[in-house]
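Here's the structure we're looking at; comments come further down.
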Amino acid sequence: MEYNFREIEKKWRQRWVAQQTYKVTEDAQRPKFYVLNMFPYPSGAGLHVGHPLGYIASDIYARYKRLRGYNVLNPMGYDAYGLPAEQYAIQTGQHPAITTEENINRYREQLDKIGFSFDWSREVRTCEPGYYHWTQWAFQKMFGSFYCNKCQSAQPIEKLVEHFEKEGTANLDVAQSEELSFTADEWRAKSDVEQQQVLMNYRIAYLGETMVNWCPELGTVLANDEVIDGVSARGGFPVVQKRMKQWCLRVSAYAQRLLDGLETIDWTESLKETQRNWIGRSEGAEMVFQVKSEGVESDKSFTIFTTRADTIFGVTFMVLAPESELVQQLTTAEQQTAVSEYLAYVKKRTERDRISDRKVTGVFSGSYAINPFTGEEIPIWISEYVLAGYGTGAIMAVPAHDSRDYAFAKHFNLPIVPLIEGADVSEESFDAKEGIVMNSPAAGKSALDGFSLNGKTVKEAIAATKAFVASHHLGRVKVNYRLRDAIFSRQRYWGEPFPVYYKDGMPQMIPEECLPLQLPEVDKFLPTETGEPPLGNARKWAWDTSKCQVVDCSAIDNETVFPLELNTMPGFAGSSAYYLRYMDPNNDQALLSTEADQYWQNVDLYVGGSEHATGHLIYSRFWNKFLFDLGVSCKEEPFQKLVNQGMIQGRSNFVYRIKDTNTFVSYGLKDQYDVTPLHVDVNIVSADVLDIEAFKAWRPEYATAEFILEDGKYVCGWAVEKMSKSMFNVVNPDMIVEKFGADTLRLYEMFLGPIEQAKPWDTNGIDGSHRFLKKFWNLYWDSQQVDKLTSQQVDELTSKQVDTQNKQLVNLSTCQLVNLNVDEPTKDELKSLHKLIKKVTEDIENFSYNTSIPAFMIATNELTALKCHKRAILEPMVVLIAPFAPHIAEELWEALGHTTSVCDAQWPVFEEKYLVEDTVKMMVAFNGKTRFGIDFPADADNATIEAAARGHELTPKYLEGKQIMKVIIVPKRMINIVCK
RNA sequence: GCUCGAAUGGUGGAAUUGGUAGACACGAGGGACUUAAAAUCCCUUGGCCAGUGAUGGCUGUACGGGUUCGAUUCCCGUUUCGAGCACCA
């Protein structure tokens, strides 16, 4: 019987749908397991073979867990909002909802062919009102919350109001945009609008005027993770810094918890490290410096942040960020012109300029700061190497021990005072945090309260200085984070609308029971000419508070009808809590029910690309922690284990055209000509040999092409590149499924290499996986009857597929499923099976599928050689392969007489006893060189073995005339004899 | 510059707590079957050397050292590649 994968796979695709094989419900009787893939953005290009890699890996795990008795949640959905759909809409005028729908259908069609065990009844789409209802709801909750540092959690804003009414800002320890100070009386005296403005300083979702990454080409602001090297991640357009009023999420409030949480989850070290870098915790001190301006000590002061408080005696100048508000205050009259010129220069430079050429630039402000430890006057400079957004936007410069300060000091000829014994700072600064401190204070100088660090190690000195700063009220010990609040507004159409309207210029939340606020229709998707977002084009986009519904803009009277927010939410809004929604996708009363949350808890295994390390994976951890504080999610960390699948790169093929001709020369001969390499569609190349007819038909200009062949073939060159349309190297999974079947595709993608590693796709190797499945199939469909046939009858059989040596027939169309004899399996057969059970079980647990495929191949070959036709062996084999190749497994399972799906079978139990040998081969080595192996009884003890070795019984030839110094016996492995 | 990870045949990659390096597959070469092709099956395949041959010897996991009876594995140093962060004070 032939392995007809097309029919088999079609049959089971239909059967799975009809029988709802993959539908899952909460079941208190069984332990849960939650497997999740990062849901795809349905792009117009469809899936290529790289996309399913992670889905296949997680599907194998999901199926395996199900076979082990777990109730497995394995959902799929679509991250449907996003820029490309909208860009397409701008170009074509087609509504993004329509193109998105089309793309989703295409994705679904492709996914369905690969045999995933997704429960499609739980599908979510971020662009559907029933889904973004809860994105809007979460946003409103963030608006209605502040972050309490003392209790380390989000709290309702009402609690903060209570605090203000009682004691103003006294004893307040909360996350805030800037430090405010007022009394309870002052608070009560404020108008409603003023109070609202104050509260904005504390809300977790707040409207803030901040420097944002503005991308003029895209007409929108971008989050930090969407900007790479000063250009937009999508499109590569320049990004400029601009001050704008935007919705922000106070992610920074959660910085420490985001950092601590990393210790509790099972992610790769490199990914955790990436997040640690992104969060960028640094411990240091803030110190206050008084200002002396134009020779007069003023009451002005400013604060700097430093991690090297110990270097306070080496400070020779101060530097302010050009954007700092202090610049205006501290510039003296005579320096005004120079400073203005410098600021104008800085303003012209984009983020990108700053990164690409790091010139040392700066200007003196005219003012001096006073070193709080020594009373020395220190000039205050302004330079772009100090960033406004980090710390306080001002630093104390210690040129001897900071390379940036050093470069600045050299350039402007400022003094350099070394503080570490033995450090040579004549050529470069000594940045390392090691050594013994000296010059603190410098000889002949004195410091406040006789403070000195001389003789201490740097580490001790840092601690001592911090303690001194705190006790003498010169500043405070402070932890700084690089992590900034997330900008949450986008000036785009295709995103979640904010459930917000404006009254007296202050944002108001539309009532919770009126959610979701649906995205309105617009005529034009481009941002308006006035710079307003596309929602400014919507005619019906005003909020009627009396009717609690959206009404026409013309009705705005600012009494009952108010304008709605025009921005939309960014891409990460919808993807930040989708894993929670899968637990209870159709709930219209809540994001999810408590029961669903309690049962499914969090994602046990999350699979996706590492490109989301500083975006999605930070935002959803933040989002989940917020929901955890609210009591909506019972787990603080959303993704317990995370596996990053590597990218599958394309393998491009090239043809070589001789310059100025239409003649193409084969790879091996190209050096004899002056040629231009051209990408050629990999789908008309097989094993690097070009299909010439297909090539001529590919493009009209090649119809008359001529070829210089080698060995009658046209051989193409190749290179590994990103898989993309423009390189003609996109391999479509549909084609592979059509040609080899989904099971082969699944097996081959897993066999390609370790799941985490990037690797090029090479269709050539796929034959091996397909051949294996055929062999596996033939284990079951074979030829008991053949033994009964006479050789003459065998010869007469039409297919004549005879292996002459073994007299065994394969692929014989008349044969039935093996006549499973009921004999006890032999020792060898059981050994093959249990070796496989052990290997496959371990591999799946460790996520290293690439090595279990060979194990299957070896077992199959062994069992074929043993002519094993025993149910006790073959039945567990089907279960073992079911996670990898579900279609063929189902077919064989049914053929073996089962009426239920193989998905509900039991994973075979491994038994050590079948692998225990009667004899153990011990390798014998002399002086570390392995010579040969000798069989010992398995129960021989070390003393017996050593006696045999010393008695020269094992090895007379090698030991002749030598004195045995030492015999080392490694249990069940090796005897090592050391001799002279 | 800092942090993390990696380096094994022509290729993708195996190798348990340190114990016969190169599993398995691709590619390549040879053979069987076939009018032919496809399909299938069998053999060879890290390098060098010796032998008619079975086989044997040397060498070999980026490079240089070290620990060990024994190192792809552990330690120190170097090089290269990948990833992340980056005027972050």
Side-chain angles (χ1 to χ4, degrees), chain A residues 2 229 268-282 284 304-308 311 319 321 354-355 358-360 383-387 389-398 401-405 407-408 431 480-483 610-611 613-614 644 646 687-688 748 751-754 756-769 771-772 774-775 778 799-806 808 810-811 842 848 850-858 861 921-933 965-968 970-979:
Chain A
E2 204 187 326
D229 291 341
T268 61
E269 199 44 48
S270 71
L271 190 64
K272 286 189 190 180
E273 197 60 29
T274 302
Q275 292 215 339
R276 284 190 202 109
N277 283 340
W278 189 258
I279 295 167
R281 184 183 203 270
S282 63
I304 58 93
F305 175 78
T306 181
T307 55
R308 293 292 302 274
T311 58
V319 188
R354 278 200 188 188
I355 290 163
R358 286 184 185 169
K359 283 190 279 196
V360 178
S383 173
E384 60 177 337
Y385 85 88
V386 174
L387 304 177
Y390 184 77
T392 60
I395 61 154
M396 62 181 211
V398 186
H401 302 293
D402 182 289
S403 51
R404 295 153 299 174
D405 298 343
F408 195 84
D431 292 15
N480 245 328
Y481 299 93
R482 202 186 71 91
L483 183 71
S610 57
E611 67 272 19
T614 54
N644 287 127
D688 290 335
Y748 184 58
F751 180 66
L752 220 49
E756 300 93 342
Q757 233 166 71
K759 57 227 157 191
W761 176 267
D762 180 1
T763 307
N764 293 337
I766 201 165
D767 280 332
S769 302
R771 258 199 290 272
F772 156 68
K774 280 190 197 164
K775 283 187 198 168
N778 286 332
S799 70
K800 296 183 183 172
Q801 302 290 321
V802 185
D803 173 343
T804 45
Q805 285 191 340
N806 295 322
Q808 192 179 359
V810 270
N811 277 8
E842 282 172 3
S848 51
N850 55 324
T851 56
S852 23
I853 313 287
F856 274 114
M857 295 178 179
I858 293 165
N861 285 340
K921 183 163 246 138
M922 306 261 325
M923 305 312 298
V924 180
F926 300 98
N927 295 344
K929 274 242 181 295
T930 307
R931 301 292 176 173
F932 48 83
M965 306 297 291
K966 207 168 162 192
V967 175
I968 295 150
V970 180
K972 295 182 183 176
R973 275 278 173 195
M974 179 168 293
I975 310 167
N976 200 326
I977 299 168
V978 188
C979 43

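Proteins get letters first, then strands, A, B, ... in listed order; numbering begins at 1 in each. The analysis underlying the following values was restricted to heavy atoms, covering all of them including side chains, and did not include hydrogens, waters or symmetry mates. Only a predicted model underlies this, so the values are computations on that prediction, with no experimental measurement involved.
- Atom NZ of K272(A) is separated from atom CG of N277(A) by 14.0 Å, given to the nearest 0.5 angstrom.
- Separation of atoms CD (E611(A)) and CG (N644(A)) is listed at 8.0 Å; rounding is to 0.5 Å.
- Atom-to-atom, CD1 of I304(A) to C1' of A89(B) comes out at 8 Å; the value is rounded to the nearest Å.
- Atom-to-atom distance recorded for S769(A):OG and K774(A):NZ is 12.5 Å, nearest 0.5 angstrom.
- Here the separation of G29(B) from G10(B), taken at their C1' atoms, is 13 Å to the nearest Å.
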Practice prompt. Would you write the dot-bracket representation of RNA chain B, where each base gets (, ), [, ], | or . depending on whether it forms a Watson-Crick or G-U pair under 3.5 Å and with which partner?
Written response: (((((((..(((......[....)))((((((.......))))))(((((....)))))..(((((..]....))))))))))))....
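- The separation between D767(A) atom CG and C24(B) atom P is 18 Å, rounded to whole Å.
- Under the 4.5 Å side-chain criterion, counting only non-hydrogen atoms from C-beta, F772(A) is not in contact with Y748(A).
- Considering only side-chain atoms of I395(A), the nucleotide from G13(B), A89(B), U40(B) that sits closest is A89(B).
- Separating the P atom of C24(B) from that of C41(B) is a span of 15 Å, rounded to the nearest Å.
- Note: S270(A) OG to E756(A) CD = 9.5 Å, rounded to the nearest 0.5 Å.
- Distance from the side chain of R771(A) is smallest to C41(B) among C24(B), C41(B), A89(B).
- In this structure, the nucleotide among A23(B), C41(B), C88(B) sitting nearest to the side chain of P854(A) is A23(B).
- With rounding to whole Å, K774(A) atom NZ is found 8 Å from A39(B) atom P.
- Within the 4.0 angstrom heavy-atom criterion, no nucleotide atom of any strand lies near R276(A).
- Of all heavy-atom pairs between L271(A) and A613(A), the closest is CD1-CB, 3.2 Å.
- Between Y390(A) and the phosphate of A89(B), there is a side-chain N or O to OP1/OP2 separation shorter than 4.0 Å.
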Fill in: Evaluation steps, side chain to side chain contact (heavy atoms under 4.5 Å, CB included), between E273(A) and R276(A)
CA-CA 5 Å; E273(A) 197 60 29; R276(A) 284 190 202 109; 2.9 Å; yes
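- Among the nucleotides A14(B), G84(B), A89(B), the one closest to any side-chain atom of N850(A) is A14(B).
- Nearest heavy-atom pair, I853(A) versus F751(A), reported as atom, atom and distance to 0.1 Å: CB-CD1, 3.8 Å.
- No side-chain heavy atom of P760(A) sits under 4.5 Å from any side-chain heavy atom of D762(A).
- To the nearest 0.5 Å, atoms NZ (K359(A)) and CD (E384(A)) are separated by 8.0 Å.
- Spacing of C1' atoms, U72(B) relative to A15(B), comes out at 9 Å, to the nearest Å.
- Taking all atoms of both residues into account, the shortest heavy-atom contact from A397(A) to V319(A) is CB-CG2, 4.3 Å.
- At distances below 3.5 Å, at least one donor-acceptor pair connects side-chain atoms of T306(A) with backbone N or O atoms of R308(A).
- Nearest to the side chain of M857(A), among C87(B), A86(B), A25(B), sits A25(B).
- In this structure, G46(B) shows a glycosidic angle more than 90 degrees from zero, which is the anti conformation.
- At whole-Å resolution of the value, CD in E756(A) and C1' in G84(B) are 17 Å apart.
- Between C87(B) and S383(A), no contact under 4.0 Å exists linking OP1 or OP2 to a side-chain N or O.
- Taking atom C1' on both G22(B) and C75(B), the two are 26 Å apart, rounded to the nearest angstrom.
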Please tabulate the protein-to-nucleotide N/O contacts below 3.5 Å involving nucleotides 1-5 of chain B, giving atom names and distances.
| residue | atom | partner | partner atom | Å |
| --- | --- | --- | --- | --- |
| U3(B) | O2' | E273(A) | OE2 | 2.8 |

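- Across the P atoms, C33(B) and C49(B) are found 35 Å apart, a figure rounded to whole Å.
- Separating the P atom of U45(B) from that of G53(B) is a span of 14 Å, rounded to the nearest Å.
- Spacing between atom CH2 of W278(A) and atom C1' of C85(B) amounts to 9 Å, rounded to whole angstrom units.
- Straight-line distance from the NZ atom of K775(A) to the C1' atom of C42(B): 11 Å, rounded to whole Å.
- A heavy-atom distance below 4.5 Å is found between the side chains of D405(A) and I395(A).
- Nucleotides U52(B) and A39(B) place their P atoms 40 Å apart, quoted to the nearest Å.
- Here the P atom of nucleotide G84(B) and the CD atom of Q275(A) are 14 Å apart, to the nearest Å.
- In this structure, F305(A) and P754(A) both approach RNA chain B, and ranking their closest nucleotides by distance from the 5' end singles out P754(A).
- Nucleotide A89(B) holds its C1' atom 9 Å from the CG atom of L387(A), rounded to whole Å.
- Nucleotides U78(B) and A89(B) have their P atoms positioned 25 Å apart, rounded to a whole Å.
- Between S282(A) and Y390(A), the shortest heavy-atom distance links the atoms OG-OH, 2.8 Å.
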Between the protein and nucleotides 7-12 of chain B, which nitrogen or oxygen pairs come in under 3.5 angstrom?
| residue | atom | partner | partner atom | Å |
| --- | --- | --- | --- | --- |
| G12(B) | O2' | L752(A) | O | 2.4 |

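- Nucleic acid contact for I858(A): sugar-phosphate only, since backbone atoms but no base atoms lie under 4.0 Å from a heavy atom of the residue.
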